[in-house]
There are 2 protein chains.
Amino acid sequence: MSGSQVIAAEQDEGRGTSFGPMTDELGFHLRRAQVAAFKHFAQTVTAAEGITPGLYGMLQVIANNSGLTQSRLAEVMEVDRSSIVKVVNALEDKGLIRRDAAPNDRRSYHLRMTPEGKLALRRIEEGVVRQDLDFSAGLSEGDRRLLISLLKRLY
Amino acid sequence: MSGSQVIAAEQDEGRGTSFGPMTDELGFHLRRAQVAAFKHFAQTVTAAEGITPGLYGMLQVIANNSGLTQSRLAEVMEVDRSSIVKVVNALEDKGLIRRDAAPNDRRSYHLRMTPEGKLALRRIEEGVVRQDLDFSAGLSEGDRRLLISLLKRLY
DNA sequence: ACAAGATTGTTTACCTAGCAAACAATCGCG
DNA sequence: CGCGATTGTTTGCTAGGTAAACAATCTTGT
C-alpha cells in the first residue's frame, strides 16, 4: 500500500500558487500548452498577416484538397456547416480562395485557392513554420517529434 | 542536400484529406488534441456536473489557495480581471465558493470554498481524474507522464 | 416518372469565453 | 494631505462555435 499512485500535486513548480491535483492531469497541461501556443501564434503570425490558427488550418486544407465542398471542409475541420460560411466568406473577401460552381451539382461549390491565395499561403506558411519551431525552441528535434506522436495518439 | 529536413506532410493517416505541411507542425496537433480533450470532458464531467474545464480550474485554484483575491486568481489563470467576475458569480451562485470581506482592504475579497463546495469538488475531481485517465487510455502510464513533462516545457 | 427523403449552403438567434476601456471606491505613500 | 496605483465591476466588443429552420437541388424507391 505504499506504491506509486500519485506523486506530485503538492510542490508545483516555482512557488506561491498551487494547482492541486491538476498537476497530474493531462488535460490541464494540454490546455495550458495550447493557450500558450495560441498566444505565441497571435503575437507573430496573426499580428503580421491577420490570420488566426483556425483560418490558417482552413487555408491549408483547401490548398491541399483543391475542389472540396464546404460540407466536406466542415467535416474535415470538425465544425458545423454553418460555421464554415463566414470563414469562407472572409477568405473569399480577402481574395485568397474562390467558390467555383460545381459542374454536376448546383447546390454546392468547389473551393479553390486563387493565384494570390497560393502566393499568400506560401508566405504565411513560412511564418507559421518559423513560429512553430520558435515556440518549441525548448525541445530538441527528437523531443518535438516524440511530442507530436504522443499527441496524435490522443485523437 | 538529401538529409533529414521535412519528412511526412504527404500521406497523412487514413486517406482522403491531406493536412499538408501542418502534419509537421506541433501547434496543429496541440490544437487537435486539446479540442478532443475538451469534447471528452464535455461529454463526461460537464454533462454530469455542469462544470467546464475552465470552471474546474478556477475551483481547484481557489481550493488550493484559500483566501486569494480575484485579482490574484486572474493572474494565476492568466485571464483578465474582468473575466473573473462572472465566473466567481457563477460559482458563488452555485453555493460552491464564498466572497469573504478582506479584513484590512475594503476593496477586495478573499475567495474561499464553502463546505458544500469542498464536498462537490471532491466528487467532481473524482470524475475529472477518471475522465483524464480515460481520455489518455491509449497511452501507458510512462508515456502519459512523458507527454506531461514535454508539455510543461512548452510554457 | 415522380413523390419522398436527403443534402447543400445559408440565415438567424443564441451561447461561451475572452479582451479593452472606463469607473467609483479604496489603499498606500511621499 | 493629495496623488497615483489597485480592486472589483460594468459595458461594449470580438471570435468561434452550436442549433434550428429554409429554399434549392439532388437521389432513390417504387
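Chain letters run A, B, ... following the sequence lines, proteins first and then strands; every chain starts at 1.
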(request) Classify the nucleic acid contact of A:Ser108 as base, sugar-phosphate or nothing, counting any heavy atom under 4.0 Å across all strands shown. (result) sugar-phosphate
(request) Verify, without hydrogens or angle tests, whether B:Asp134 (side chain) and B:Arg130 (backbone) share a donor-acceptor contact under 3.5 angstrom. (result) no
(message) Go nucleotide by nucleotide along DNA chain C from the 5' end; which of B:Thr52 and A:Val85 gets its closest nucleotide reached first?
(response) A:Val85
(message) The test is salt bridge (charged side-chain N to carboxylate O under 4.0 Å, His left out); show your working for A:Glu126 and A:Arg122 and say whether it passes.
(response) CA-CA 6 Å; A:Glu126 192 186 66; A:Arg122 270 199 288 274; over 6 Å; no
(message) Taking B:Ser66's backbone N and O only, do any of them form a donor-acceptor pair with B:His110's side chain (distance below 3.5 Å, no angle check)?
(response) no
(message) From CZ of A:Phe38 over to C1' of C:dG18, roughly how many Å is that when rounded to an integer?
(response) 10 Å
(message) Any donor-acceptor pair, under 3.5 Å, between the side chain of B:Ser82 and the base of C:dA20, if you only look at N and O atoms?
(response) yes
(request) Nearest whole angstrom, please: distance from the P of C:dT7 to the CZ of A:Arg72. (result) 14 Å
(message) Here's a test of your reading of the structure: between A:Arg106 and B:Val88, which maps to the more 5' nucleotide of DNA chain D?
(response) B:Val88
(request) Report yes if a donor N or O on one partner sits less than 3.5 Å from an acceptor N or O on the other, where the partners are the side chain of B:Arg107 and the base of D:dT6; otherwise report no. (result) yes
(message) Below the 4.0 Å mark, does D:dT7 have OP1 or OP2 next to a side-chain nitrogen or oxygen of B:Ser71?
(response) yes
(message) If you assign each of B:Tyr109 and B:Lys86 to its closest nucleotide in DNA chain D, which residue comes earlier from the 5' end?
(response) B:Tyr109
(request) For A:Ile84 and C:dG9, give me the distance from atom CD1 to atom P, rounded to whole Å. (result) 10 Å
(request) To the nearest Å, give me how far apart CD1 (B:Ile97) and P (D:dG8) are. (result) 12 Å
(request) Measure from the side chain of B:Arg99, starting at C-beta and using heavy atoms only, and say which of D:dT9, C:dC19, D:dC26 lies closest. (result) D:dT9
(request) For A:Gln70 and C:dT11, give me the distance from atom CD to atom C1', rounded to whole Å. (result) 13 Å
(request) Check every atom of C:dC27, C:dG9, C:dG18 against the side chain of A:Arg81 and return the nucleotide holding the closest atom. (result) C:dG9
(request) Could you state the atom-to-atom distance from CG of A:Leu55 to P of D:dT14 in whole Å? (result) 16 Å
(request) Evaluate the side-chain proximity of A:Thr69 to A:Tyr109: yes if any heavy-atom separation is below 4.5 Å, no if none is. (result) no
(message) Rounded to whole Å, please give me the gap between CD1 in B:Ile51 and P in C:dT16.
(response) 13 Å
(message) If the cut-off is 4.0 Å, is A:Ser83 near the phosphate of D:dT18, judged by side-chain N/O to OP1 or OP2?
(response) yes
(request) Measure the distance from CG on A:Asp80 to P on C:dT12 and round it to the nearest whole Å. (result) 16 Å
(request) Check whether any side-chain N or O of B:Ser18 sits under 3.5 Å from a backbone N or O of A:Asn64 as a donor-acceptor pair, and report yes or no. (result) no
